[in-house]
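Notes for the one structure printed next.
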Amino acid sequence: MDARAIIAALRRGEEPSPEELTWFAQGLADQSVSDAQAGAFAMAVCLNGLGDAARGALTLAMRDSGDVLAWDLDGPVLDKHSTGGVGDCVSLVLAPALAACGAYVPMISGRGLGHTGGTLDKLEAIPGVTTQVSEDRLAQITRTAGCAIVGATAQIAPADKRLYAIRDVTGTVESLDLITASILSKKLAASPDALVLDVKVGSGAFMKTMEEARALARSLSRTANAAGCKTSAVITSMDQPLAPALGNALEVAEVMKVLTGADKGPLLDISMVLGGVVLADAGLAADADEGAAKVAAAIVSGRAAERFGQMLAAMGAPLGFAEDWARYLPEAPVIREITAPKAGYLSAVDGEALGLAVVHLGGGRLVESDQVDPAVGISDLVPLGAKLAKGQPLARIHASREDKGEAAAQAVLDAVKISAKPPAVPELIRERI
Ligand code: URA
């Protein structure tokens with residue numbers, strides 16, 4: 001086969017065969033396809049798009065460019081994927097909750113991307129935790145704790161690893177086909193029986209409109225179902241951070257509050273909805289409502305926290321972290337309160353701007369080699385619709401230095417809107433696909 005012929009066919013709007021896509025994905029993985037060819041391929045797909053069949057074939061070809069995990073367990077293998085948001089630490093609640101409901105959850109996760117936080121960076125805010133483990137270790141932790149949240153090894157979907165880096169520098173990230181193949185090649189490599197997709201929409205998400213979110217949700221769920229993985233998508237609001245905190249250790253603290261029953265906010269609600277859907281899809285619940293009740297019971301009873309503790313201990317966390325977490329999480333040296341500059345209702349939050357403020361505090365990366373500061377971020381953010389008196393606390397900044405805290409405080413003030421009238425607060429759960 002010839003990369004030039006495949007690219008030329010795509011340029012003419014024709015679809016390559018599954019065999020051609022398999023050959024191209026292997027070439028990405030083994031470097032026999034050049035960077036120039038990969039860039040031209042990505043641009044042709046970006047401009048002309050793929051049909052369902054070719055998108056599915058590209059997804060499977062990229063999955064099969066590396067290892068595909070095999071399981072022999074006494075319960076279904078489940079997974080969740082979020083398209084990315086701010087204050088989105090649902091995975092850390094949901095994975096152990098599903099494990100406590102009889103499922104196994106080998107969750108291959110990512111790091112922060114753009115303004116959004118990354119699950120691996122959050123986990124690594126816990127002293128001692130390492131998320132880069134071998135496939136054997138992933139299997140062992142999944143078997144014993146019921147869940148393992150880890151980074152992809154070099155053997156998982158290597159074609160995606162290469163193509164993603166090339167898309168990033170060729171203006172070809174924004175293609176539904178390429179995004180779908182990229183996300184699902186990694187998710188399907190873990191061989192889940194059922195998958196739930198949390199497609200975020202709103203100011204803190206990549207998809208700002210319902211139309212964009214629906215298109216992504218449909219593309220992902222159609223492709224994953226066609227690949228034999230029972231998949232549902234839920235479109236959820238990212239018009240404000242899910243947890244009242246953004247930043248790695250600060251979000252772990254929010255997770256621990258939910259898992260220990262101290263908090264019952266949107267993080268719990270969304271975990272119940274997503275968990276309910278995937279438990280029903282996997283046959284562990286009669287329907288999504290019963291599944292949601294099972295997730296809630298797993299959390300309220302402390303069984304989910306127990307699973308989380310087992311998983312963390314296996315990944316290097318201090319023994320007893322789940323019981324005494326506040327003692328272990330790092331704290332920033334500078335903590336300052338931001339207050340409402342005027343009276344009114346919190347009517348809008350620019351989630352992307354808040355996420356970027358956390359990145360600039362050091363909680364994310366501006367260049368690949370940046371070390372993430374686990375302690376920094378924003379906490380105690382009041383929810384949309386809150387009635388505020390002038391001078392009332394709006395949020396807290398956690399910074400490594402005064403000047404960084406100052407800049408973040410200004411960024412937060414610029415990112416919120418206070419109005420005389422109460423706003424219409426969007427529903428957390430927008431649509432199920
Ligand atoms: N996440 C991925 O893994 N790939 C994309 O293309 C976009 C988001």
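We count ligands from 1, going down the list as the structure has it; atoms in each ligand are counted the same way. We use all heavy atoms of the structure for the numbers below, so side chains are in, but hydrogens, waters and symmetry mates are not.
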Open item on the list: Looking only at side-chain N and O atoms, does D239 offer a donor or acceptor that is under 3.5 Å from a partner on S237?
Closed with: yes

Task: Any N/O pair R167/ligand 1 closer than 3.5 Å - done: yes

Open item on the list: For E331, is the CD atom crowded, meaning more than 12 foreign heavy atoms sit under 6.0 Å from it?
Closed with: no

Task: Test of proximity, S182 against ligand 1: N or O pairs below 3.5 Å - done: yes

TODO: Distance to 0.1 Å, residue and atom name: give those for the protein heavy atom nearest to atom 1 (N) of ligand 1.
DONE: I183 CG1, 3.7 Å

- [ ] Look at atom 5 (C) of ligand 1 and say which protein heavy atom is nearest, naming residue and atom and giving the distance to 0.1 Å.
- [x] Y164 CE1, 3.3 Å

Task: Closest protein heavy atom to atom 3 (O) of ligand 1, given as residue, atom name and distance to 0.1 Å - done: K186 NZ, 2.5 Å

Open item on the list: Under a 3.5 Å cutoff, is there a donor and acceptor pairing between the side chains of K200 and T236?
Closed with: yes

Task: Stepwise salt bridge (charged side-chain N to carboxylate O under 4.0 Å, His left out) check, E406 with R401 - done: CA-CA 9 Å; E406 192 77 30; R401 294 196 319 242; over 6 Å; no

Task: Spatial distance of atom CE (M62) from atom CZ (R162) [nearest 0.5 Å] - done: 12.0 Å

